[in-house]
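Structure first, commentary second.
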Amino acid sequence: MEMIQIVGIGLLASILILVLKEQKPVFAFLLATATGILIFLFLIGKIGVILSTLEKVAASSGMESIYLKTVFKIIGISYIAEFGAQIVRDAGQESIASKIELAGKVLIMVLAVPIISIIIETVMKLLPA
Amino acid sequence: MDWLGGWLREIILVVLLAAFVELLLPSKSMERYARLVLSLLVLLTILSPIISLLKGDAVQELGLELSRQERSGGLFSGGKGQAESLEQILADGMKLAAGQQSRSLELAAAEVAGQMKDQITSETGERGAKVTVTLGMSRSASGGEEVPVISEVQVYLPPAAASGSAVPSEAPDAEDSEAIAIVPVEPVEVHIGTEPTSGGDAGAVSGPADEAAAAEAEAVIHLLENRWGLEPGVIRVTGNADSTSDKL
């Protein structure tokens, strides 16, 4: 049912955007952005269900919560970066979109820095001096 | 074995989580990067025994690093970063101090257990008694400072020694022969409640050997209470290997 709703919203919005684009391209862009946000809001509850399930499983089995936190951050960064980049790309700003994606990639890599440093320090201690 | 099970469970969970998260990712362009971080996490989990052996608490360090990143992130957080940094440093210091405190408590507990064991050996002639001490922090009655207190003492008396308590340790041969004679001693567990002089649990004492073991346990409890000034409920004496094997 929700899938049909989402597809309906998408179809409606694209027809409206096609009409608007001839007259007012700016409003067409705004409409596209609003539709994107609406669909994203539809999905955010579902993503929340998935994440809370993961959290429950991890807590019940004694996994370190810091690992889960890192994983959630990865998901969040990639979703937000993807969403922003697509909106900007719709507006025709391909270069800014790729910069947003670059920022997402860099921030994900920053999350890896403490892990890499711990692993490398351990490996260096394992090696004979 | 318990440790191995926990480690395996953690590895399996992290791998499952990584596979699941890869499905959840929105686009192909992010996938390589996310996969790198996820595989690093899996590697960290697999290496965690080595890391804890060589380096200490890696998880805590990771948490500190992440919270530091969280606080220093963003273009517009430069103004209040200064004010927060002191709090952050203090919080980090508290976290590290808590970790050090727990380590030093463990060391002190091992030391206290060794001293108690020596005292038991010298005072009652028991050999092979195992002592486990748990230390906790609590506020002293006078000041607000937290001081370590002995929160639990577990004494395990081997059955042969406990049953041969009537014979002092000057006659080891006689004790050995008696110990063989009284091998089928029922496992006895003595729980000393708020009344340590009540003679132990009457229900658990069923034979002369058990009574001897109970008296021995009583003597050990009295000794430790007098020497260390402990509360009556703190000390538990067990004379059975099965009931203590999961604790030791």
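Per chain, numbering begins at 1; letters A, B, ... match sequence-line order.
- Between Ile66(A) and Gly63(B), the shortest heavy-atom distance links the atoms CD1-CA, 3.3 Å.
- Taking non-hydrogen atoms and a 4.5 Å limit, the residue list of residues 39-53 of chain A in contact with chain B, ordered by number, reads Ile50(A), Leu51(A).
- Here CG of Leu44(B) is found 8.0 Å from OG1 of Thr122(A). Values are rounded to the nearest 0.5 Å.
- Only the side chain of Leu54(A) comes within less than 4.5 Å of a heavy atom in chain B; its backbone stays farther off.
- Here the CG-CD1 distance, from Leu38(B) to Ile74(A), works out to 4.5 Å after rounding to the nearest 0.5 Å.
- Remark: Leu111(A) CG to Leu36(B) CG distance equals 11.0 Å, nearest 0.5 Å.
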Leu62(B) vs Tyr67(A), side-chain contact (heavy atoms from CB on, under 4.5 Å): CA-CA, chis, key distance, verdict = CA-CA 9 Å; Leu62(B) 208 60; Tyr67(A) 295 171; 4.1 Å; yes
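- The choice from Val14(B), Leu43(B), Leu41(B) that makes the most heavy-atom pairs within less than 4.5 Å of chain A is Leu41(B).
- Atoms CG and CD1, on Leu54(B) and Ile118(A) in that order, are 13.0 Å from each other to the nearest 0.5 Å.
- Within a 6.0 Å sphere centred on CZ of Phe72(A), heavy atoms belonging to other residues, nucleotides or ligands number more than 12.
- Only the side chain of Leu47(B) comes within contact range of chain A, judged by heavy atoms closer than 4.5 Å.
- The residue among Thr70(A), Val71(A), Val57(A) with the most heavy atom pairs within less than 4.5 Å of chain B is Val71(A).
- Within a 6.0 Å sphere centred on NZ of Lys105(A), other residues, nucleotides and ligands contribute more than 12 heavy atoms.
- In this structure, CD1 in Ile75(A) is found 13.5 Å from CE in Met30(B), a value given to the nearest 0.5 Å.
- More than 12 heavy-atom neighbours from other residues, nucleotides or ligands sit within 6.0 angstrom of CD on Glu22(B).
- Once rounded to the nearest 0.5 Å, the distance linking CG of Leu25(B) with CD of Glu82(A) reads 10.0 Å.
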